[in-house]
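Take a look at the structure below.
The basis for the numbers below is simple: all heavy atoms, side chains too, and nothing from hydrogens, waters or symmetry mates. Just so it is clear: chains get the letters A, B, ... in the order the sequence lines come, proteins before strands, and each one is counted from 1.
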Amino acid sequence: MANYVWPKFGTATVIGKRHDRVDGVAKATGTAKYAYDINPAGMIIARLLGSPHAHAKIKSIDLSPAKKVPGVVEAVALKKADDELLFQGEEIAVVAAESEAAAAEGVAAIKVEYEVLPHFVNDTDLAAAKAAGMTGKGGKNISLAKEPGDDDDEDEFTEKEINRLLKESAVVVEGEYGIHMITHMCLEPHGSTCEWKDGKLVAHLSTQNVSGTGPQFAGPLGITADDVTVHCDYIGGGFGSKFAADTWGVACAELSKKTGRPVKLMLDRDQELKIAGNRPSGFLKCRVGADKNGVITVWDSEQWGTAGAKPGVVSEKVVPYVYEPKNRRVISHTIKTNRGLVRAWRAPNHPQACAMSQTAIDDIAAKLGLNSLDVFKRNLVHVANGKAEVYAAQMDVAARLIGWNDKWHLHGKGPKKGSIVEGLGLAIHTWGGGGHTSKCTIRISPDGGVSSTLGSQDLGVGTRTAIAAVVAETFGLTIDDVQVNMGNSKYPASGPSGGSTTIGGVSESNRRGSLDALDKLLAVVAPKLGVTADQLEAKGGRIQVVGSPSKSLGWKEACSLLGMNAIEAQGEYVRGSKDAKTGADSKLSNSQVGGVQMAEVAVDLDTGVVKMKKFVAVQDVGTIIARKQAESQVYGSVIMGIAYALFEEQIMDQASGAFVNCEIADYKLPRLGDIGDIVVEMYEPESEYNRGVVGIGEPPVIAPGAAISNAVANAIGVRVSTLPMTPQRVLEALKGRKA
Amino acid sequence: MKSFEYSAPRDEAGVLSVLSAEAGHTEILAGGTDLIGLMKKFIVTPDRVVNIKEVRSLRGIDADSEGVTIGAVTNLDDILESPHLNEFPSVQQAIRNMSSPQLQAQGTIGGDLCQRPRCWFYRNGYGRLAAASLIADGDNRFHAIFGNEGAAKFVSASRLAPALVALGAEVRIIGPGSQDELFMPLASLFQTPRTEWQRETVLEPNQLLTHIRIPRQGAANGTYEVRHGEGPDYPLVAASAALRVESGIVRQAAIVLGQVAPTPWFSADAVRAIVGRPVTEVTADAAGEAAIATATPLSGNGYKVQLAKVAVKRAILSAAGLETGGF
């Protein structure tokens with residue numbers, strides 16, 4: 001069995017280098033087909049009817065008017081009389097028709113009688129939620145350095161101890177911080193094109209879970225998962241919201257079965273925003289004590305927020321974020337609202353936790369008149385994830401890249417040019433990112449062709465390119481020599497793309513499979529070169545004797561020795577598994593990364609408009625496989641972070657319960673002109689390379705909210721308590737009102 | 001979208017012959033950047049759509065010594081690139097601020113003036129005036145701060161109207177009869193609707209806006225929009241100023257705000273504050289202050305009053321070629 005390791009530091013020729021995406025041309029020219037692009041012959045289009053009300057009961061549904069609309073082929077109800085609708089957009093019925101327009105007209109013709117019920121969509125006001133009976137049990141994260149005595153009541157002791165520590169602190173910051181709910185806003189909405197062939201379902205699904213959604217179709221359709229093929233070559237955004245077949249996916253398959261025709265059902269834009277996922281909001285009120293150097297001595301906070309129509313809240317376990325002082329009390333409350341259901345959003349819990357707590361740390365610096373960077377550094381004594389030294393080193397790198405020492409001024413004390421002031425802020429983050437379970441088949445053909453086949457998916461992050469790099473590295477080839485087959489559930493199963501687990505998982509399976517395949521090839525080539533297999537290596541497109549490159553065969557010639565027998569090797573990795581022989585952790589992948597991010601902003605004091613000047617993201621990442629694509633993850637994350645820091649927000653109208661900005665025109669997002677200069681710096685001493693591969697799809701999206709909020713506070717001298725920091729909120733903060 | 005008849009006449013008379021007198025029956029299609037979305041959401045459901053982009057006389061820019069005439073279906077990018085508009089930086093600035101190659105290439109000047117309100121209650125099917133109580137009690141952060149006493153609380157969406165009204169532009173309207181032709185100030189085109197069927201312009205359903213004429217009056221002009229970001233989103237507040245300055249003193253002025261009222265909002269108070277004075281940061285600020293004296297913000301849009309003040313100040317400074325001091 002091969003020794004599953006990466007090439008020694010500094011010797012790799014493909015991994016860690018800069019590669020254009022293997023599918024870049026296909027994407028740029030439109031030959032790459034997304035689920036939305038699949039149009040089988042005879043296909044009809046389905047549209048979904050969603051609830052117009054935030055809370056209602058269905059009295060009756062009549063589909064017959066829809067069926068009378070010219071062009072409508074079939075209509076199916078997803079709800080029945082007496083069913084309760086808990087949020088605007090909740091699925092009620094689907095209509096399939098010969099054209100999109102006819103389907104929409106059919107949907108409009110459906111007669112539904114509703115009993116409108118009182119709604120509650122307010123997630124900012126805990127007292128109002130309590131009064132409305134909409135709060136639920138949250139959790140506690142309490143830790144004290146001092147133990148209660150045997151006779152002490154625990155809660156009372158905690159209360160006394162927290163108050164004592166606050167009283168003894170050199171400074172106490174009392175603050176309120178919040179971050180509104182946002183939606184995933186995938187550019188390609190959720191949906192599928194379904195067709196049946198010989199009694200079996202083929203679902204072209206926009207999914208980040210190719211190998212895992214088959215059973216979700218099979219169950220409700222009364223078939224087995226073997227009778228389902230899920231297919232997804234390309235996907236236009238998921239961010240954690242596309243793991244499921246979803247009710248509308250199953251409905252699409254049912255419509256196809258019923259009509260005997262392929263059916264396409266993609267959500268409309270407003271539906272994409274209303275029902276296809278959101279990120280929970282978070283609001284926090286705290287008292288934080290610190291010593292005169294700004295080091296936290298005690299943290300006391302209460303938080304609330306909503307995850308929509310089912311209970312849920314940002315986890316109190318990650319508050320305060322990364323910095324975990326020994327004396328802390330964090331209490332959370334859930335608020336149930338008539339808003340769409342939560343789905344995982346890039347690094348669940350972390351962006352909110354960071355924005356709600358590392359802002360308070362910056363306010364300590366402001367209150368003490370200290371340099372924020374010093375305060376963030378000193379508080380590294382509270383870091384419990386073992387990365388304190390890495391953060392310290394990353395802070396130095398980030399500070400140099402943004403020019404912190406030259407540009408720093410105390411909060412609100414910078415120069416004013418016209419009505420413009422500028423400021424700096426920082427925040428830090430952490431994430432796991434260990435590889436998921438993954439299988440693949442590596443094939444070497446007698447003609448020299450090489451392929452990897454696996455039921456994974458490329459979320460747009462460059463997974464194909466990364467897999468090609470791993471295989472090419474192992475065989476001494478280039479990425480163009482490798483064919484990567486993915487996006488089909490009939491291929492060897494690979495995990496869903498969530499938790500930044502994909503790159504670790506597919507790198508594991510592909511490196512293992514490729515090394516095993518190479519062993520088989522070397523065994524065939526060795527006699528021809530008159531050596532044993534262990535004396536051979538694959539390098540520069542040749543199989544050669546180690547140390548005497550003149551004794552070699554070109555790759556194709558070597559493969560031709562296989563005769564009629566292609567080599568196939570199965571690469572397999574089970575998440576978290578140890579080496580069978582040694583019991584050691586895998587050397588190929590690892591977990592736990594950190595990063596430091598710094599923002600430089602300019603604020604127009606007269607209009608409240610915030611502009612990004614520069615953003616520096618320093619990220620550790622373990623072994624880098626595909627450098628450009630790894631950097632792209634950071635760029636994309638930072639842009640998404642700027643979005644929720646300054647622009648995007650699900651706006652719920654309190655009076656009507658309507659999600660009023662549920663169109664692209666109203667759902668604000670940053671454009672190229674809004675992101676400023678983004679500097680991505682991979683933190684990669686040799687020790688990082690030797691850790692193995694870690695995913696970074698999520699971590700860089702965590703800190704921008706806090707970093708940008710801190711930069712704005714540094715610029716204007718007051719805290720804009722809630723994200724996104726719209727001109728309205730900035731102006732209200734400047735006026736001293738709660739924004 | 002509801003099925004509809006489609007007509008693409010080749011001349012003005014042909015257009016008039018297919019326009020219905022009945023409100024809501026016919027919609028006029030130019031660039032389609034607004035209409036198609038409204039139709040897809042069943043906010044407007046015409047029986048007939050009349051495409052006027054095939055009418056040659058409605059396209060193009062002509063200039064003479066007294067003014068510049070722009071056909072209603074002339075694309076915004078063509079206007080931006082025309083040297084005839086160089087003396088109207090306020091118009092160029094408003095187009096540039098759209099920051100959307102698609103909107104600028106596809107959108108037309110007539111379409112910009114006649115686009116429907118962006119009010120999110122209207123766009124989500126709650127009606128335009130019917131939503132008045134929803135707006136008053138609901139989330140009105142982007143709604144009107146002037147002229148909002150009646151049922152109409154949306155804001156006029158046109159990006160070009162503030163600049164064009166301030167420049168004293170006129171419009172040519174034809175119909176309903178094949179010989180009917182009317183010229184009027186652009187300012188008079190806009191109205192605050194009192195019923196759900198009344199539009200935001202005085203155009204009858206069977207009338208057509210054909211041309212916009214900007215007179216050459218030698219006024220220094222400038223537009224300032226307060227924009228949340230650099231993208232194609234609508235500004236939070238806009239203002240445009242046209243100033244006739246003699247010997248360093250403003251002798252005549254027109255100051256028009258956008259995105260603050262159901263129509264472009266002419267500010268006589270701001271004009272009074274600046275006329276007779278030189279343009280300085282102080283006088284411009286005073287004009288901004290005067291402009292907001294009569295503002296009537298709703299429950300959640302008080303911040304727009306501050307933005308209106310700043311927009312007026314900066315539009316005046318920009319018209320005078322001075323630094324605005326902000327972004």
>> Among I651(A), N661(A), I664(A), which residue has the highest count of heavy-atom pairs closer than 4.5 Å to chain B?
In response: I651(A)
>> Within a 6.0 Å radius of atom CD on E27(B), are there more than 12 heavy atoms belonging to other residues, nucleotides or ligands?
In response: yes
> Which atoms of P52(A) come close to chain B, meaning under 4.5 Å heavy atom to heavy atom: side chain ones, backbone ones, both, or neither?
Replying inline: backbone
> Is there side-chain contact between Q728(A) and L236(B), with heavy atoms separated by less than 4.5 Å?
Replying inline: no
>> As an exercise, state the distance from CZ of F659(A) to CG of N124(B), rounded to the nearest 0.5 Å.
In response: 9.5 Å
> E105(A) versus chain B, heavy atoms under 4.5 Å apart: side chain, backbone, both or neither?
Replying inline: both
> Rounded to the nearest 0.5 Å, how far does OH of Y303(B) lie from OG1 of T726(A)?
Replying inline: 7.0 Å
>> Taking D674(A) first and then R227(B), would you say they form a salt bridge - that is, a charged N and a carboxylate O separated by under 4.0 Å?
In response: no
> Does any N or O in the side chain of E230(B) come within less than 3.5 Å of the main-chain N or O of R671(A), such that one atom is a donor and the other an acceptor?
Replying inline: no
> Has K668(A) got its NZ or CZ under 6.0 Å from the middle of the six-membered ring of Y234(B), at an angle within 45 degrees of the ring axis?
Replying inline: no
> Measuring heavy-atom distances to chain B, does D270(A) have an atom under 4.5 Å in its side chain, in its backbone, in both, or in neither?
Replying inline: side chain
>> Is A108(A) in contact with chain B via its backbone, its side chain, both, or neither, using a 4.5 Å heavy-atom distance?
In response: side chain
>> So for V421(A), is it side chain, backbone, both, or neither that comes closer than 4.5 Å to the heavy atoms of chain B?
In response: neither
> Checking heavy atoms, do the side chain of K41(B), its backbone, both or neither come under 4.5 Å from chain A?
Replying inline: side chain
> Roughly how far, to the nearest 0.5 Å, is NE2 of H228(B) from CE of M725(A)?
Replying inline: 9.5 Å
> Relative to chain B, which segment of A602(A) carries a heavy atom at a distance below 4.5 Å: side chain, backbone, both, or neither?
Replying inline: both
> Hey, mind stepping through D653(A) and R141(B) against salt bridge (charged side-chain N to carboxylate O under 4.0 Å, His left out) and telling me if it holds?
Replying inline: CA-CA 10 Å; D653(A) 178 53; R141(B) 69 183 74 182; over 6 Å; no
> Crowded around I36(B) CD1? As in, over 12 foreign heavy atoms under 6.0 Å?
Replying inline: yes
>> I need the minimum non-hydrogen distance between V310(B) and D606(A), along with the two atoms involved.
In response: CG2-O, 3.5 Å
> Could you give the distance from CD (E323(B)) to NZ (K417(A)), rounded to the nearest 0.5 Å?
Replying inline: 7.5 Å
>> Looking at D666(A) and R123(B), is there a salt bridge between them, counting it only when a charged N and a carboxylate O are closer than 4.0 Å?
In response: no
> Are side-chain heavy atoms of S419(A) and R314(B) found at a separation under 4.5 Å?
Replying inline: yes
>> Working to the nearest 0.5 angstrom, can you tell me the gap between I420(A) CD1 and T324(B) OG1?
In response: 7.5 Å
>> Between Q306(B), K304(B), E281(B), who has the most heavy-atom pairs with chain A when the cutoff is under 4.5 Å?
In response: Q306(B)
>> I'd like to check L731(A) versus L307(B) (side-chain heavy atoms, cut-off strictly below 4.5 Å). Are they in contact?
In response: yes
>> Can you tell me which portion of F42(B) sits under 4.5 Å from chain A's heavy atoms? Options are side chain, backbone, both or neither.
In response: side chain
> CD/E663(A) to CZ/R118(B) distance, rounded to the nearest 0.5 angstrom?
Replying inline: 8.5 Å
> Do S656(A) and F121(B) have side-chain heavy atoms sitting under 4.5 Å apart?
Replying inline: yes
>> Closer than 3.5 angstrom, by distance alone: can the side chain of D137(B) be matched with the main-chain N or O of A655(A) as a donor-acceptor pair?
In response: no
> What part of S3(B) gets closer than 4.5 Å to chain A, counting heavy atoms only: side chain, backbone, both or neither?
Replying inline: both
>> Does atom NZ (K40(B)) have a neighbourhood of more than 12 heavy atoms from anything else shown, all under 6.0 Å?
In response: no
